[in-house]
Amino acid sequence: MTALSAGMLTIGTYRPDRIVSNSELAPELGVDEAWITTRTGITERRFAGGHETVISMAVRAAQSALDVAKLSAGQVDVVILASSTHLNQTPAAAPIIAAELGCDRPAAFDISAGCSGYAHGIGQAAALINSGQSDTILVIGSEKLSNVIDRNSRSVAPIFGDGSGAALITRTESGHIRRTIWGSIGEQSHLIRQEPTWEQQRTDPAGTPTPFLMMEGTEVFRWATTAVPKIVSEIAEAGGIALSDIEVFVPHQANLRIIDGVARKLGWTDESVVVADDVRRAGNTSAAALPLAIADLISSGRAKPGQIALQVSFGAGLSYAGQVFDLPKVA
C-alpha cells in the first residue's frame with residue numbers, strides 16, 4: 001500500500017461582493033421569500049460582476065491559499081481546476097490561472113465532474129503526491145453559475161451562486177488525506193443537465209433558446225437523501241475511522257434540506273458533529289462549495305484546524321466523491 005504523505009495545508013477563498021437576497025429574487029419568480037427559504041434553506045447568495053470570471057476568482061482564491069501558507073506560486077508543480085462554468089472548451093482555464101499566479105511551468109488541467117469536481121481534484125492531488133509524482137498542488141473549485149442559469153426558473157434560479165475556493169496540498173507529517181471514494185451513476189445523468197445542447201443551438205441558432213442548467217430537483221433530493229449516507233459510510237471506512245470519530249461533516253452545499261436529511265440518517269446531532277451549512281448564505285456554488293464551506297466553519301470558530309473532517313460532494317453525472325482529512329488553516 002502507498003504510504004500516506006499528502007495533506008491539506010491551507011484553503012483560500014473568494015466571494016463576489018454582490019449579495020443577492022431572496023427578497024430580490026422572489027418577485028422575479030412570482031413567489032415570496034418564505035417559499036425560497038422553506039424549500040432550499042438559502043437566504044442569500046453571491047453573484048459575480050461582469051468583470052469577474054471563473055479564472056479571475058480562481059486566481060484570487062489560490063493566491064489567498066498561498067499567502068496563508070507563505071509559499072510562492074513558483075513552488076506549485078500542479079494546478080487543478082474544477083469547474084462547470086468555464087465556457088470556453090479550449091484552452092482549459094487551469095494553465096491560464098497558473099500563468100496569472102506566476103507558477104513555473106506546472107502541469108495544469110481542468111476537471112469536469114459537476115459539483116463533485118473539487119473532491120475529485122483532492123483525490124487526484126493526494127494520489128499524485130503519495131505516488132511521488134508531485135510535491136505541491138493547488139486544487140481549485142471556481143464557478144460563475146449566474147452565467148448558466150435561467151433567472152426565471154423556480155427550480156434553479158434560487159439555488160445557485162458564484163464563488164471560488166482553493167486548497168493547497170503538500171507533503172505533510174500529519175493531517176493526511178485518506179483514500180478517496182468516488183463513482184458515478186450515468187443512468188441518472190439526465191437529472192442534472194444542460195438543455196438544449198450547444199449542438200442544437202448551433203444547428204438552429206435563431207429558433208433555439210440559450211442553453212441553461214436544468215435540474216430535476218425532486219429526483220435529486222430523493223437520490224441524495226438515500227444514497228449519500230451510504231457513500232459517507234464508505235468514505236469513513238476507507239479512511240480507517242468510525243462514523244463516531246468524525247468531528248466535522250462537510251457535505252455538498254446543495255440544499256439545506258438535503259444536508260439535514262443526510263445528517264439525520266447518519267445519526268448525527270448538533271452536539272455530536274459540526275455540520276457545514278454555508279449554503280444558507282452562499283447558495284450552491286457547485287465545485288467551489290466544499291472549500292467555501294470549510295473556510296466558513298473555521299473562520300466562524302465552529303471548527304478548527306486539525307479536527308477530523310469528512311467531505312462528500314455529488315452532482316451532474318451523477319458523479320460523487322469524498323474523503324476523510326484533517327482541517328487545514330484558512331485565509
Side-chain angles (χ1 to χ4, degrees), residues 2-14 58-83 92-95 97-98 101-111 113 116-142 164-182 235 238-239 248 250 287-295 297-298 303 305-313 321-331:
T2 302
L4 294 175
S5 60
M8 195 178 298
L9 188 61
T10 60
I11 281 182
T13 62
Y14 178 75
V59 170
R60 293 285 294 273
Q63 187 61 59
S64 178
L66 288 168
D67 289 346
V68 173
K70 295 181 172 55
L71 293 181
S72 71
Q75 294 172 271
V76 175
D77 48 17
V78 181
V79 176
I80 302 172
L81 173 75
S83 182
I97 293 166
L101 287 169
C103 300
D104 183 17
R105 300 176 62 190
F109 55 93
D110 294 0
I111 295 176
S116 65
Y118 170 82
H120 276 73
I122 295 297
Q124 289 188 327
L128 286 169
I129 289 175
N130 291 340
S131 67
Q133 181 73 31
S134 182
D135 293 309
T136 305
I137 301 177
L138 276 169
V139 179
I140 310 165
S142 187
S164 182
L168 189 62
I169 313 299
T170 63
R171 297 185 184 279
T172 64
E173 295 181 359
S174 61
H176 297 137
I177 299 165
R178 283 69 154 185
R179 178 188 164 203
T180 294
I181 293 295
W182 50 12
I235 293 169
V248 180
V250 189
L290 292 183
L292 286 172
I294 293 167
L297 286 176
I298 296 176
Q307 286 187 295
I308 299 174
L310 185 151
Q311 66 181 11
V312 61
S313 198
Q323 47 275 122
V324 172
F325 63 103
D326 290 2
L327 288 178
K329 296 178 181 178
V330 302

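Please read these numbers as outputs of a predicted model, since none were measured by experiment.
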Requested in this report: Mind checking the CD1-CD1 spacing from Ile140 to Ile80? Nearest 0.5 Å is all I need.
Outcome: 9.5 Å
Requested in this report: To the nearest 0.5 angstrom, please state how far the CZ atom of Phe325 sits from the NE2 atom of His176.
Outcome: 14.5 Å
Query raised in the report: Is the CD atom of Gln307 crowded by more than 12 outside heavy atoms at less than 6.0 Å?
Result: yes
**Report entry** Closest approach of Ala119 to Ala321 (non-hydrogen atoms, all atoms of both residues)
**Finding:** CB-O, 3.6 Å
Requested in this report: Check side-chain hydrogen bond (donor to acceptor under 3.5 Å, both in side chains) between Gln75 and all other residues, then give those that pass, not counting sequence neighbours.
Outcome: Ser72
Query raised in the report: Atom CD1 in Ile111, atom NE2 in His120: separation rounded to 0.5 Å?
Result: 7.5 Å
Query raised in the report: Is there a side chain to side chain contact (heavy atoms under 4.5 Å, CB included) between Ile169 and Ile122 once you walk through the steps?
Result: CA-CA 8 Å; Ile169 313 299; Ile122 295 297; 3.9 Å; yes
Query - Verdict with supporting geometry, Leu138 and Ile97, side chain to side chain contact (heavy atoms under 4.5 Å, CB included) - result: CA-CA 11 Å; Leu138 276 169; Ile97 293 166; over 6 Å; no
Query raised in the report: Looking only at heavy atoms, which two atoms of Ser142 and Ala58 are closest? And how far apart?
Result: OG-N, 3.6 Å
Requested in this report: Taking side-chain contact (heavy atoms from CB on, under 4.5 Å) as the test, write out the residues that go with Ala107, two or more places apart.
Outcome: Val78
Query raised in the report: Between Leu71 and Thr10, does a side chain to side chain contact (heavy atoms under 4.5 Å, CB included) hold up when you go through it step by step?
Result: CA-CA 11 Å; Leu71 293 181; Thr10 60; over 6 Å; no
Query raised in the report: Is the shortest heavy-atom distance from the side chain of Val139 to the side chain of Pro291 under 4.5 Å?
Result: no
Query raised in the report: Is the backbone of Ala93 close enough, under 3.5 Å, to the side chain of Asp110 for a donor and an acceptor to pair up by distance?
Result: yes
Query raised in the report: How far apart are the closest heavy atoms of Ser313 and Ser116, and which atoms are they?
Result: O-CB, 3.6 Å
Report task. Ignoring hydrogens and angles, tell me if any N or O in the side chain of Asp104 forms a donor-acceptor pair with the backbone of Gly74 under 3.5 Å. Result -> no
Report summary line: Heavy-atom nearest pair, Ala82 first then Tyr118, reads CB-N, 3.4 Å
Query raised in the report: Does the side chain of Leu101 reach to within under 4.5 Å of the side chain of Val76, using non-hydrogen atoms?
Result: no
Query raised in the report: What residues form a side-chain hydrogen bond (donor to acceptor under 3.5 Å, both in side chains) with Thr180, not counting sequence neighbours?
Result: Gln323
Requested in this report: State which residues pass side-chain contact (heavy atoms from CB on, under 4.5 Å) with Asp135; sequence neighbours excluded, sorted by chain then number.
Outcome: Asp77, Arg171
Query raised in the report: Got a sec, which residues hit side-chain contact (heavy atoms from CB on, under 4.5 Å) with Thr13, two or more places apart in sequence or on another chain?
Result: Ile11, Leu292, Ala295
**Report entry** For the student: nearest non-hydrogen atoms of Gly12 and Ser64, plus distance
**Finding:** CA-OG, 3.7 Å
Query raised in the report: With side chains defined as the heavy atoms from C-beta onward, is the minimum distance between Asp326 and Ile308 less than 4.5 Å?
Result: yes
Report summary line: To the nearest 0.5 Å, atom CD1 of Ile235 lies from atom CD of Gln311 at 8.5 Å
Report task. Could you pull out all residues at least two apart from Ala126 that satisfy side-chain contact (heavy atoms from CB on, under 4.5 Å)? Result -> Ala6, Asn130, Ile177
Query raised in the report: Which value, rounded to the nearest 0.5 Å, describes the distance between Leu128 atom CG and Ile137 atom CD1?
Result: 4.5 Å
Query - Minimum-distance pair of heavy atoms, taken over all atoms of Ala166 and Ala65 - result: O-CB, 3.8 Å
Report summary line: salt bridge (Lys or Arg N to Asp or Glu O under 4.0 Å) filter on Asp67, not counting sequence neighbours, yields none
